[in-house]
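Heads up: the structure comes next, in C-alpha cells.
For this chain, numbers begin at 1 and follow the sequence in order.
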Amino acid sequence: MSAIARGCLGLNVVKTYFNLHVFITTKRNFHPLLVLLVLLVLLVLLVLLVLLVLLVLLVLLVLLVLLILLVLLVLLVLLVLLVLLVLLVLLVLLVLLVLLVLLVLLVLLILLVLLVLLILLVLLVLLVLLVLLVLLILLVLLVLLILLVLLVLLVLLVLLVLLVLLILLVLLVLLVLLVLLILLVLLVLLILLVLLVLLVLLVLLVLLVLLILLVLLVLLVLLVLLVLLGPRAELLTQDQIDEFKECFSLYDRQQKGKIEARELITVMRCLGSNPTPSEVQRHLLSHSTDVGGELDFSTFLNVMHRQLQQEAPEEEILEAMRMADKEQKGFILASELRAKLTGLGEKLTEREVDELLKEAGVGADGRVHCEQFAKAVTRSSAKR
C-alpha cells in the first residue's frame with residue numbers, strides 16, 4: 001500500500017487505485033540548510049587546510065633562517081679561531097726568533113770573553129817574567145773582567161727570565177680569550193637550540209590545537225548530520241506510537257519484544273505504509289540486521305519514522321488523481337473513480353468505496369476534485 005492508506009480509515013482502499021496507474025517513487029530532497037551546512041563545513045575545512053599549509057611553510061622558513069644563522073655563526077667562530085691560531089703561531093715564532101737572537105748574542109759574548117781571557121792569559125805568560133807588578137795588575141784586571149762577564153750573564157739571564165714570563169703571560173691571556181670565546185659560542189649555540197626546541201614545541205602545540213579543533217568540528221558536523229538525518233522516533237505522536245505498538249505486538253508471537261525481520265514489510269503495510277522490498281532491505285542494512293534477524297520495538301519505531309518521512313500521502317494521491325484526469329480539468333467523476341476501485345487491481349467492495357467517498361466529502365454521483373479529495377483523505381487520516 002502507499003502512504004495514503006493512513007487517510008482511508010485503515011482500509012486497503014486507495015492502494016489499488018494508485019497501483020493501477022503508476023509506481024510513485026518518493027522524492028527525497030536534501031534540506032537547503034543541510035546543503036548550506038555541508039558547504040560551510042567544507043569551506044571551514046579548506047580554510048583550516050590552507051592555514052595549516054601556511055603554518056608549515058612558515059615553520060620551514062623559520063627553520064631555514066635559523067639554520068642559515070647557525071651556519072654563519074659557526075663559520076664566524078671558525079674564522080675567529082683561525083685568526084687567533086695564526087696570531088698565536090706568529091707570536092710563538094716571534095718569541096722563538098727573539099730567543100734565538102738572544103742565544104746567539106750570548107754565545108758571541110761568551111766567545112768574546114773567552115777570546116779576551118785567552119789573550120790576557122797569553123800576555124800574562126809573556127809578561128810574568130818581566131814584571132810581577134804587571135802581573136798583579138793583570139790579575140786585578142782579570143778579576144774585574146770576570147766580574148763584568150758574570151754581570152753581563154746575570155743581566156742576560158734576567159732578560160731571558162722576563163721574556164719567558166712575558167711569553168707565558170701572553171699565552172695565558174690568549175688561552176683565557178680562547179676559552180671565553182668557546183664558552184660564548186657554546187652559550188649562543190645553546191640559546192639557539194633552546195629557541196629552536198621552543199619553536200618546534202610551539203608549532204607542535206599549534207598543530208595539535210588545530211587537529212583538536214578539526215576533530216571537534218568533524219564530530220560536530222557528524223552530530224548535526226545525525227540530528228538532521230537520523231531517525232527520531234520521538235517525533236512520532238503518542239497515538240502513532242500506540243498504534244505501532246499494537247500492530248507490533250500482533251507479530252511478536254513469542255512475546256519477547258521482537259519481530260522477525262522478514263515480517264517487517266508486512267507489519268509496515270498493515271500500518272498503512274508502502275515500502276518497497278529494496279527500501280525494507282535498506283532499512284535493515286542501516287540497523288545492521290539481515291533478513292533472518294530480529295528487530296526490537298525501538299528499532300521498528302525508527303524504521304517507521306524514516307519511512308513516514310520519505311512518503312508524502314497528499315502528493316501521491318494528487319499525482320495519481322491527475323494521471324486519471326487526462327484532460328487536466330482538475331476533477332474526475334465519482335462514477336469513474338468507483339469503477340476503477342471496484343473493477344481493477346485489488347477490487348474494493350461498494351461499501352468500501354462509499355466509505356472512502358464519504359470520508360472525502362464527495363457525493364455518490366458528483367465530481368471528485370483532485371486537490372480537495374487528496375486533502376480530505378489526508379486530513380481524515382490525521383484525525384484518526
Exercise. Is a donor on one side and an acceptor on the other found under 3.5 Å between the side chain of D252 and the backbone of K256?
Worked result: yes

For this session: Please check if atom CD in Q255 has more than 12 non-hydrogen atoms from other residues, nucleotides or ligands closer than 6.0 Å.
Result: yes

Exercise. Between L295 and L284, is any pair of side-chain heavy atoms under 4.5 Å apart?
Worked result: yes

For this session: Give a yes-or-no answer on whether the side chains of T237 and Q240 include a donor-acceptor pair shorter than 3.5 Å.
Result: yes

Exercise. In Å and rounded to the nearest 0.5 Å, what is the CD1 to CD distance from I241 to Q238?
Worked result: 5.0 Å

Problem set entry | Validation row: F300, L264 side chains within 4.5 angstrom (heavy atoms) | yes

For this session: State the CG-CZ distance between D290 and R262, to the nearest 0.5 angstrom.
Result: 11.0 Å

For this session: Tell me whether V56 is reachable from V59 by hopping between hydrophobic residues (I, L, V, M, F, W, Y) whose side-chain heavy atoms are closer than 4.5 Å.
Result: no

For this session: For the residue pair I265 and R269, establish whether any side-chain heavy-atom pair is separated by less than 4.5 Å.
Result: yes

For this session: Enter the distance from C270:SG to E246:CD here, rounded to the nearest 0.5 Å.
Result: 11.5 Å

For this session: Start with the C-alpha distance between R338 and L333, add both sets of side-chain angles, then the distance that settles side chain to side chain contact (heavy atoms under 4.5 Å, CB included), and finish with yes or no.
Result: CA-CA 9 Å; R338 180 184 295 274; L333 296 176; over 6 Å; no

For this session: Ignoring hydrogens and angles, tell me if any N or O in the side chain of R367 forms a donor-acceptor pair with the backbone of A334 under 3.5 Å.
Result: no

Exercise. When rounded to the nearest 0.5 angstrom, what is the spacing between CZ in F248 and CG in D296?
Worked result: 6.5 Å

Exercise. How long is the gap from CD on E263 to OH on Y251, to the nearest 0.5 Å?
Worked result: 7.0 Å

Exercise. Shared ILVMFWY cluster between L250 and L271, side chains joined below 4.5 angstrom?
Worked result: yes

For this session: Check the hydrophobic clustering (I, L, V, M, F, W, Y; side-chain heavy atoms under 4.5 Å; chains of links allowed) and say if I182 and V188 are grouped together.
Result: yes

Exercise. Does K245 make a cation-pi contact with F297, if we ask for NZ or CZ under 6.0 Å from the ring centre and within 45° of the axis?
Worked result: yes

Exercise. Do V280 and Q307 come close enough that some side-chain heavy atom pair is under 4.5 Å?
Worked result: no

Exercise. What do the steps show when you test E260 against R253 for salt bridge (charged side-chain N to carboxylate O under 4.0 Å, His left out), and what is the final call?
Worked result: CA-CA 10 Å; E260 295 181 359; R253 297 179 178 86; 5.9 Å; no

For this session: Looking only at non-hydrogen atoms, find the nearest pair between T289 and E294 and report the distance.
Result: CG2-O, 3.8 Å

Exercise. Considering only heavy atoms from C-beta outward, does the side chain of R306 approach that of S286 to under 4.5 Å?
Worked result: yes

Exercise. So does Q328 have more than 12 non-hydrogen atoms from other groups sitting under 6.0 Å from CD?
Worked result: yes

Exercise. Is the closest side-chain heavy-atom distance between L67 and L63 below 4.5 Å?
Worked result: no

Problem set entry | Contact check, side chains of L55 and L210, non-hydrogen atoms, under 4.5 Å | yes

